[in-house]
Every structure is written in C-alpha cells, then in structure tokens.
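In each ligand, atom 1 is the first atom listed, and ligand 1 is the first ligand listed. This one's a predicted model, so the numbers in the text were calculated from it and none came from an experiment.
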Amino acid sequence: MDKLMSLLFPKRCPFCNEVLESFHLDICPECEKIVDEFYLIEEPTCKKCGKPLADEEQEFCLDCKKNPRSFEQGICLFRYGHRQNYRSMGESILRFKYSGALTYASYYIRKLIETYTQVIRQFEVDAIFPIPVHKSRYKQRGYNQAEVLAKELSKQMNIPVYSRCLLRTKKTSAQKELTKEERARNLALAFEVKQLPKDVHRVLLIDDIYTTGVTMEACTRVLLQAGIEKVYVASICSGQN
Ligand SMILES: [Zn+2]
Ligand SMILES: [Zn+2]
C-alpha cells in the first residue's frame, strides 16, 4: 500500500521540492547537509523560547525579555531564513502550511527528535497538543498543519496526541489596525479548552512557525487556567532576534 501511495503521491524533498529518489528517503542527502549547515538552530539560543540569538552574551530574546512567559521552555528547529533566497526553510514550511506538502512532516519531526530527544524526554509531557486553527480555516485549507506535526511526533515518540482539547473559537486575522497589545489581548480570547483527558498534566504544544510567541503564550494561559500544570512548546521554524 505504501508503495502504491508513493507512486500516486511521490514524496518530495522538503528543501528543494524535487521528487525523492527513494521511498525510504525523507530529504535528499545533499539538501540535508545544506539544511544542517545553514538552517539547523544551534547555540546560542533563548533560554526560554529556544529562538536563535545573535549575541552569545544574551540569555533571552527580546520578545521573552519584554513579555511574560507562562510556558516552561521552548524548542525551535530551523531558522526561517531569508525569503529572497531561492531556497530556504521558510519556503519549505510555507509549502507545508499552504500547499499541502504534508509529507515533509516525517523529515521535520525526525530532525526535531534527532536534535532534541533528551530535552523532549526531560519535559516529561504526557500529551502533545497542536496549536489549533479556526474551523473556517480548517475547511478552507483541508488540514491543520500543526496537527499533522503533532500526529507525526506522537507516532515517532509514542506520546499521545489530542487534537480536540484546545480549540480556536475566534478568528483573529483582519486586525492590522490594532496595536500589538490589542492584538495580544484579542488572541488571548481566541482559544478555549474543551474536555481535558484525566491523566494529562504536562503538555507539549506544537506549531509550524514561531515568531513573537504570542500564540504560544495565549494557548499556554488557557491550558493553565484549565488545570494543566506545565506547558512546553516546540516549533519547526523560527525567526531570529
Ligand atoms: Zn532536495
Ligand atoms: Zn525567547
């Protein structure tokens, strides 16, 4: 069946987007070298959110310095890179997010685990929750990219995933006229927790792109209010500051 699927929907390289030579590969070996060298996030990183830092003297990124963080700790895998580059992990994650390149998830998650196995184990989470999208967006796109990541992580690490506990009940897109504070306040009201499973106390939230951290923060707060004890966050692509 896997073979048939791969003939119908050939797996493509998450970096160059060419069809992969073998069904067993999740990225071209030469592309993986480029990604490892230029896009994989290394120290120094923000001690709170895991974003790459430009300066080794810094302990926290600007956003974490300015804003209170309710989550315990975060990890980020790749630098977004420059949009003007012909190829970047930013382009990759946008194809994953908007153009249905869902097979990329197996590579993203393999790399996330390879890079952070120890850290993720130390989080001792008993569940993975994807950052939810509003149902109208889900209908329009046909999937929630964060849920695809969460399911893949669950499969590869054997941690249960719950996609219907944290919901996005309000849309918050057209808010360009609002200030940063107003946007954050609106976002805080956009999420709701529904029926938490009994034995879940420590949660890993996962999303595709991490920028200022406001979404992760808003989701963390509603989870803590609902009785979750500790929240950790993981993202595939991140900006830098
Ligand atoms: Zn490639
Ligand atoms: Zn930070």
Any chance you could lay out the side chain to side chain contact (heavy atoms under 4.5 Å, CB included) test for Cys61 and Leu53, step after step, and finish with the verdict? CA-CA 6 Å; Cys61 71; Leu53 298 173; 3.8 Å; yes

Could you grab the angle centred on the Zn ion (ligand 2), going from SG in Cys61 to SG in Cys49, to 10°? 110°

Salt bridge Glu114-Lys111, side-chain N to carboxylate O under 4.0 Å: yes

According to the interplanar angle, ranging from 0 to 90°, do the rings of Tyr232 and Phe123 count as parallel (below 30°), tilted (30 to 60°) or perpendicular (above 60°)? parallel

Angular separation of Cys16 SG and Cys31 SG about the Zn ion (ligand 1), given to 10°: 110°

How wide is the angle at the Zn ion (ligand 2) between SG of Cys64 and SG of Cys46, to the nearest 10°? 110°

Side-chain contact test, heavy atoms from C-beta onward, threshold under 4.5 Å: evaluate it for Phe15 versus Cys28 and give yes or no. no

